[in-house]
Amino acid sequence: MRNLLNFLIKYGTWFLFIFYVLLSCVLLFSHNSYRESVYLTSANIVTSSIYDTMSQITGYFHLRGINESLQASNARLENEVLNLRHQLAESISLIPDSSREELVKNRFDYIPATVVNNSVRHPRNYFSINKGRLDGIRPSMGVVDQNGVAGIINVVGTHTARAISLLNETQHFSVKLKGTNYIGSLSWKGSDPAVAYVSEIPRHASFHTGDTIVTSGYSTTFPGDIPVGTVLNRIRGNDDNFYIFKVRLFSDFKALSTVRVIKDDFKQELDSLTTFDVLTDK
């Protein structure tokens, strides 16, 4: 108790000063509408600034969730577009009515995923995703990002999977010049991660710099017309009957983050037909 009294006596003047200052502020702002409005306006500006900063901070931490939601929406929309294209093509073609219903059913679906590991510096590059067998991922499924073709699934675990990147010297992709039927083979040469090459385009094919290269659709891995890149120029090859195009890839493999795995509901049936043809030829 003695220590408390000594403390109050020692600093009593300061406590009295603080009391009078607070009382003055209350009297000043409570009886003067102009000063009160200035005070409230200033307080609101400070408070708004604090809330805005907090909102930006919390918003940053929610970006991943927002991005995954957008990827899921994009996947659904692209799925609808691909299936509408397929239905339109089948409707135009002359097929019996009895077969039309089976052919026009939804063929393709997308499974959104996040890249958890990626390489671009090796001759044979791979990337891993956070979806696996339990999510419907299977070997040989195509993988795309928001810009274009990214790779092909080759190893599947329970919860994760590994894909052969387009930046892999051993992998080839069936592609074509957009709007034409000129089919070629796209491959990466192991140098620039933004550039690949398309071979086997016949010399009579007309093209221009800037033309778009897309998937051919002649496989169960990728539907047709998925963007791959644009033609930079033509280079000399060993065979004078074909062109070799240098292609600027649409996908930025150094920043590969969110992808979509393509599921083809016709794959098993088409693969079985291919196997049957091979056995018959033998």
Side-chain angles (χ1 to χ4, degrees), residues 67-68 70-83 86 106-176 185-188 190 193 196 198 213-229 249-275:
N67 187 43
E68 290 178 352
L70 289 173
Q71 287 295 322
S73 298
N74 287 339
R76 289 192 294 270
L77 290 173
E78 290 191 12
N79 178 39
E80 291 178 8
V81 170
L82 285 173
N83 285 303
H86 179 69
N106 288 346
R107 174 178 176 180
F108 299 104
D109 195 7
Y110 282 95
I111 304 172
T114 299
V115 175
V116 295
N117 187 32
N118 183 32
S119 66
V120 298
R121 301 179 179 178
H122 310 294
R124 300 180 181 182
N125 293 293
Y126 302 86
F127 60 87
S128 300
I129 60 174
N130 65 342
K131 296 293 178 66
R133 187 176 298 105
L134 293 181
D135 304 290
I137 307 297
R138 298 291 183 270
S140 299
M141 285 184 172
V143 185
V144 298
D145 71 351
Q146 69 274 15
N147 296 312
V149 173
I152 298 175
I153 299 293
N154 73 322
V155 178
V156 180
T158 304
H159 301 288
T160 59
R162 189 184 75 166
I164 303 174
S165 173
L166 186 150
L167 307 183
N168 191 305
E169 293 180 338
T170 65
Q171 190 64 45
H172 297 265
F173 298 81
S174 179
V175 297
K176 65 179 182 179
S185 177
L186 180 136
S187 59
W188 186 62
V198 176
I213 300 294
V214 297
T215 54
S216 67
Y218 289 173
S219 72
T220 56
T221 303
F222 295 101
D225 295 324
I226 292 180
V228 177
L249 299 173
F250 285 133
S251 297
D252 183 358
F253 286 89
K254 291 183 178 180
L256 202 62
S257 176
T258 51
V259 296
R260 295 180 292 279
V261 183
I262 302 172
K263 178 183 177 183
D264 184 352
D265 290 336
F266 286 7
K267 178 176 175 55
Q268 185 175 357
E269 180 179 347
L270 291 173
D271 287 347
S272 65
L273 292 176
T274 302
T275 302

Practice task
Output yes when a side-chain donor or acceptor of Ser219 lies under 3.5 Å from a complementary backbone atom of Thr221, and no otherwise.
Solution key: yes
Fill in the blank from the handout: Contacts of Ser174 meeting side chain to side chain donor-acceptor pair (under 3.5 Å) (sequence neighbours excluded), chain-then-number -> Ser216
Handout entry: Closest heavy-atom pair and its distance - Ala150, Phe253
Key = O-CE2, 3.3 Å
Handout entry: Ser119: partners by side chain to side chain donor-acceptor pair (under 3.5 Å), with sequence neighbours left out
Key = Asn125
Handout entry: Expected output: side-chain Lys131 to main-chain Ile111 donor-acceptor under 3.5 Å
Key = no
Handout entry: Shortest non-hydrogen separation from Val149 to Ile226 and the atoms involved
Key = CG2-CG2, 3.9 Å
Handout entry: Beyond-backbone contact of Val214 with Val175, side-chain heavy atoms, under 4.5 angstrom
Key = no
Exercise for the section: Find the distance between NZ (Lys176) and OH (Tyr218) and round it off to the nearest 0.5 Å. Expected result: 6.0 Å
Handout entry: Which residues share a side chain to side chain donor-acceptor pair (under 3.5 Å) with Asn168, sequence neighbours left out
Key = Thr170
Practice task
Take Ile152 and Phe222 through the test side-chain contact (heavy atoms from CB on, under 4.5 Å) and record every step on the way to the result.
Solution key: CA-CA 9 Å; Ile152 298 175; Phe222 295 101; 3.9 Å; yes
Handout entry: Residue list, side chain to side chain contact (heavy atoms under 4.5 Å, CB included) with Ser187, at least two apart or on another chain
Key = His172, Lys189
Handout entry: Spatial distance of atom CG (Asn117) from atom CG (Leu256) [nearest 0.5 Å]
Key = 11.0 Å
Exercise for the section: May I have the step-by-step check of side-chain contact (heavy atoms from CB on, under 4.5 Å) for Leu166 and Phe173, ending in yes or no? Expected result: CA-CA 8 Å; Leu166 186 150; Phe173 298 81; 3.9 Å; yes
Practice task
Take Asn154 and Tyr126 through the test side-chain contact (heavy atoms from CB on, under 4.5 Å) and record every step on the way to the result.
Solution key: CA-CA 10 Å; Asn154 73 322; Tyr126 302 86; 4.0 Å; yes
Problem - Side-chain donor or acceptor of Asn130 paired with backbone N/O of Thr160 under 3.5 Å - result: no
Completion exercise
Interatomic distance, OG@Ser165 vs NE2@His122, rounded to 0.5 Å, equals 11.0 Å
Practice task
Give the C-alpha distance, both sets of side-chain angles, the deciding distance and a yes or no for side-chain contact (heavy atoms from CB on, under 4.5 Å) between Val261 and Tyr110.
Solution key: CA-CA 5 Å; Val261 183; Tyr110 282 95; over 6 Å; no
Side-chain donor-acceptor pairs under 3.5 Å in residues 132-143, sequence neighbours left out?
| from | atom 1 | to | atom 2 | distance (Å) |
| --- | --- | --- | --- | --- |
| Arg133 | NH2 | Val156 | O | 3.1 |
| Asp135 | OD2 | Gly132 | N | 2.9 |
| Arg138 | NH1 | Arg133 | O | 3.1 |

Exercise for the section: Working to the nearest 0.5 Å, report the span between CZ of Arg124 and CG of Leu167. Expected result: 14.5 Å
Fill in the blank from the handout: When every non-hydrogen atom of Ile129 is compared with those of Ile153, the smallest separation belongs to CD1-CD1, 4.0 Å
Handout entry: Residues in side chain to side chain donor-acceptor pair (under 3.5 Å) contact with Ser251, at least two apart in sequence or another chain
Key = Asp145
